[in-house]
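Keep in mind that the numbers below use all heavy atoms, side chains included, and drop hydrogens, waters and symmetry copies.
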Amino acid sequence: MKYNYSEIEKKWQDRWDAEGVFKATEDHSKPKFYGLVEFPYPSGAGMHVGHIKAYSGLEVISRKRRMQGYNVLFPIGFDAYGLPTENSAIKYNTHPRILTDRNIEKFTSQLKRVGFSFDWSRVVDTTEEGYYKWTQWIFRRMFDEGLVFRAKTLVNYCPHCKVVLSNEDSQGGKCDICHNDIVQKSKDVWYLRITEYADKLLQGLDKVDYLPNIKLQQENWIGRSEGAFANFAISGQDDFLRIYTTRPDTMFGVTFMVIAPEHPVIEKYRDSIANIAELDAYKEECAKKTEFERTQLVKDKTGVKIDGLSVINPANGKEIPVYISDYVMMGYGTGAIMAVPAHDERDYDFARKFGIDIIEVIRGGNIAEAAYTGDGEMVNSEFLDGITTKAEAIAKMIEFLSAKGIGERGVQFKMKDWAFNRQRYWGEPIPIVHCPKCGMVGVPYEELPLRLPDMENFVPGEGGESPLAKVESFVNCTCPKCGGAAKRETDTMPQWAGSSWYFLRYCDPHNTEAFASKEALDYWLPVDWYNGGMEHVTRHLIYSRFWHHFLYDIGEVPVDEPYAKRTAQGLILGPDGDKMSKSKGNVVDPNDVVNEYGADVLRVYILFMGDYSSAAPWNESSMKGCKRFLERVAGLTDLVKGTGETEAIASLFHKTVKKVTGDIEEMKFNTAIAAMMTLINAIYEHGSLTRDELGVFVRLLCPFAPHLCEEMWEMLGNKNLCAVAEWPTWDETKTVDSTVEIAVQICGKLKGTIRIAADADKDAAIAAAKADEKIAAQLEGKTLIKEIYVPGKIVNFVAR
RNA sequence: GCGGGUAUGGCGGAAUUGGCAGACGCGCAAGAUUUAGGAUCUUGUGUUCAUUCGUGCAGGUUCGACCCCUGUUACCCGCACCA
């Protein structure tokens, strides 16, 4: 048969659609499989081949599961709220709704051309009323449960996008959207109390099957640390400054204290601080620095001593000075630290610069040269002297603090609460009303969805207020509680809101009474296998686990962890080895590839190009090899003779079925395809195969190249679709050869090979090896010290 | 700075986890076919004339090391003054 991909692909895509083979139903007679891929953000640029790679992994697994008799849910949708669409809406003066619809249409046609087996009847669009109603609903529930709060704090702000960003969205001091530097700004913002779930998010990792590096990255992001809080009395006041430390054992080495420039104690004692003007100036200077500048100057510590404020070291009663410095952050711990220059590098640098005493309390280093952070015997520490283990010293010190009622054990997390609002138009309106009498009041559930008003000009205000603030009919409302005049919140939710629960909506996407029915959730959850990008591990993956844990706690979902298994694909790099990007002009459009080579070649190439989870550069000439492979597959129809098994290649068939079946489960798609290539080479060498064997081959390849395989399956006279044909099985006994070629070594060096019976015992194998002419010649005149035989592998003679 | 990872032919990458290194594919070379090119097919392809030598580098353990251990270099990713 000649391989005419353009004809075949259209034909089968239409057939799959018409027969609805990929539609999932709640069929309790079969085991279920819920495979999930990260739904795309429908940008104007369309998809690139990276999207195709991201979906191809679970596409193959889902197709295989269907053939193995599972009831499979493999859905897709669109995460359509967000800044890029809004920005291009402003640029082209077109409404984001129109752009979004256009982009979704484009993405849909691209996805369909690749032949993905998505259930197209369950598509969700996060910007649709029927969807965002439930995003708002979940937010409302969080508001009711006290997980939503508003606070005026220093936040990450992108001057370019004019939005407040969460900690997750400003990693490395760069805006996640436009990659410009972010600045710290004091602003009133909405927060979700994700830190309340920090321990649950951490512990939940123990019971899920995530790739180790994914788990580790989440653990680091959550950043749990154990230590102690301690109160340092302020001299001459009935007041104290509270610090957090992981090293209470070093408290006798404290020679000064540092507080963050924004620490409220400065305001409190403003009048008694002599150099307040100097402090104010320093504070202002810090606010101006970008995150980038701050990190560049890590070694060069700055700060100002507070003149008129000192504290007492609770361990030894000594009075110590207090400094402000921007190496202490208001957002972690208490915004104040006890400084132990002898045993902390940062404190050491600071003490050196400001000429502060450095007192050794742990022996083992040379504090004249550098801070010593290792373990050792405690010295200069009164009741701790002589202790040699850190744990014991810490325990003793905490005991001491507790007894005096000025300190206790404490836990801190690096993760911060989630800044949850954007001063932008294209997002879910936050369903809250500000009432002068009642304060913040949630929009009643029956009034949801709170619709995003239609407007012409949604350019964000210069002062950083939301465009919605300009829509009076939206802003002015009555208070749901007291009925008096009130104003609506005008900020919208961040782009991560809709994606935090979309996998739940897939279970029951058209439900108008609930975000999904209980029955549907009970049947489908948890997601059995979730694949996506590493870049979402400390964003979307954390956020959605948080929302899910919350929904579990209020009894809305049946399981606490949403994803049983999580894997990640590697990037596809440009042909030049750089990351694909529009500005570099090295982006490959899947449509071009489908036009020139066909969808099946694209799919096979993407999975064959290398290890699925590693980055690999695009290489067009390698794709030709995949094209040749599929052409040779198509050519198999001309070699068919008879039925049953062909003895010469039967064993290889069974081995290949076994190998491909196993490799797919481990996402080793490249070696699965290589095994099928090896098999086809052997078939061509043999010159023929049977009808039954071709049927096996076609089904084995079907998840990778479904269009071609459907066509061949039909040619073989099958009435059903290959997509739901039974996955081939293998006979274990036929994968074992009766004779094997094994290596013969002398002193670990390869000297030759012999062919022996697979079940040969040691004596027989050794005898066979010795009988070999070459080996015998090499052993001539040597004394055998040891003979080693590893069945099926090797014979090794140790001889002198 | 901390945490994690990687290093194998001209290239992408394999190696049953301690047992014949380089599967499979690309590229390249020669030949066949073709008026020619392209496409296709066949053969070859780590290195060395060969004995050899070969998995970033230097050691070690072992009958045997890409695989385990110690040290070292380079690159990649994540976090980053987290107290």
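- Nucleotide U61(B) forms no Watson-Crick or G-U wobble pair with any nucleotide shown, as no partner meets the under 3.5 Å limit on both distances.
- The nucleotide C41(B) finds its pairing partner in G31(B), both defining distances of the Watson-Crick or G-U wobble pair being shorter than 3.5 Å.
- When the nucleotides A83(B), A80(B), G19(B) are ranked by their closest atom to the side chain of Trp221(A), A80(B) comes out on top.
- Ala371(A) and Pro341(A) make their closest contact through CB-O, 3.7 Å (heavy atoms, listed as atom of the first residue, atom of the second, distance).
- Backbone-only contact: Ala615(A) has heavy atoms under 4.0 Å from sugar-phosphate atoms and none from a base.
- Side-chain atoms of Leu216(A) lie closest to G3(B) of the nucleotides G3(B), A83(B), C63(B).
- For the residue pair Tyr327(A) and Ile337(A), the shortest heavy atom distance occurs at OH-CD1, 3.8 Å.
- Across all strands shown, U17(B) remains unpaired; no Watson-Crick or G-U wobble contact has both distances below 3.5 Å.
- Contact annotation for Gln745(A): base contact, defined as any heavy-atom pair under 4.0 Å involving a base atom.
- For Ile606(A) and C26(B), the CD1 to P distance is 18 Å, given to the nearest whole Å.
- Side-chain contact, His536(A) with Glu38(A): a donor N or O sits under 3.5 Å from an acceptor N or O.
- Arg632(A) comes within contact range of the sugar-phosphate backbone alone, with a heavy-atom separation under 4.0 Å but no base atom that close.
- At the heavy-atom level, Thr753(A) lies under 4.0 Å from base atoms of the strands shown.
- If you check A7(B) for Watson-Crick or wobble pairing at under 3.5 angstrom, you find it paired to U73(B).
- No hydrogens or angles considered: a donor-acceptor pair under 3.5 Å links the side chains of Glu620(A) and Tyr597(A).
- Candidate nucleotides A15(B), C26(B), C20(B) were compared by shortest atom distance to the side chain of Ser621(A), and C26(B) ranks first.
- C67(B): no Watson-Crick or G-U partner with both key distances under 3.5 Å is found in any strand.
- Picking from G3(B), C24(B), C81(B) the nucleotide with the shortest atom distance to the side chain of Asn220(A) gives G3(B).
- Within the nucleic acid shown, Gln412(A) has no heavy atom closer than 4.0 Å to any nucleic acid atom.
- For Ile788(A), whose side chain is taken as the heavy atoms from C-beta onward, the closest listed nucleotide among C63(B), G78(B), C81(B) is C63(B).
- When both distances must be under 3.5 Å, the Watson-Crick or G-U wobble mate of U47(B) does not exist.
- Without hydrogens or angle criteria, Asn619(A) side chain to Pro575(A) main chain gives no donor-acceptor distance under 3.5 Å.
- Across all strands shown, G1(B) forms a Watson-Crick or G-U wobble pair with C79(B), both key distances being under 3.5 Å.
- Here the P atom of nucleotide C81(B) and the CZ atom of Arg352(A) are 23 Å apart, to the nearest Å.
- The side chain of Lys793(A) has U16(B) as its nearest neighbour among A21(B), U16(B), A83(B).
- Atom-to-atom, NZ of Lys215(A) to P of C77(B) comes out at 25 Å; the value is rounded to the nearest Å.
- Taking atom CG on Leu211(A) and atom P on C77(B), their separation rounds to 19 Å, with Å as the unit.
- Between the CG atom of Asn213(A) and the C1' atom of G4(B) there is a distance of 8 Å, given to the nearest Å.
- When each of A14(B), G3(B), C24(B) is scored by its nearest atom to the side-chain atoms of Asp611(A), the top-ranked nucleotide is A14(B).
- The distance from atom NZ of Lys749(A) to atom P of A21(B) is 10 Å, rounded to the nearest whole Å.
- The side chain of Asn796(A) lies closest to G64(B), out of G3(B), G13(B), G64(B).
- Here A83(B) is the nucleotide among A83(B), G27(B), G19(B) with the atom lying nearest to any side-chain atom of Thr246(A).
- Residue Tyr332(A) places at least one side-chain N or O closer than 4.0 Å to OP1 or OP2 of A83(B).
- Within the 4.0 angstrom heavy-atom criterion, no nucleotide atom of any strand lies near Lys579(A).
- As a whole-Å value, the separation of Arg628(A) CZ from G25(B) P is 10 Å.
- Nearest to the side chain of Thr671(A), among G12(B), A83(B), A23(B), sits A23(B).
- Within 4.0 Å (heavy atoms only), Asp347(A) reaches no atom of the nucleic acid at all.
- Residues Glu168(A) and Tyr543(A) have side chains that bring a donor and an acceptor to within less than 3.5 angstrom of each other.
- One interatomic measurement links the two molecules: NZ of Lys174(A) to P of C77(B), which rounds to 15 Å at whole-angstrom precision.
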Which is it for Arg545(A) and Gln218(A) under the side-chain hydrogen bond (donor to acceptor under 3.5 Å, both in side chains) test, yes or no, and what are the steps along the way?
CA-CA 11 Å; Arg545(A) 288 183 59 223; Gln218(A) 291 211 341; 2.7 Å; yes
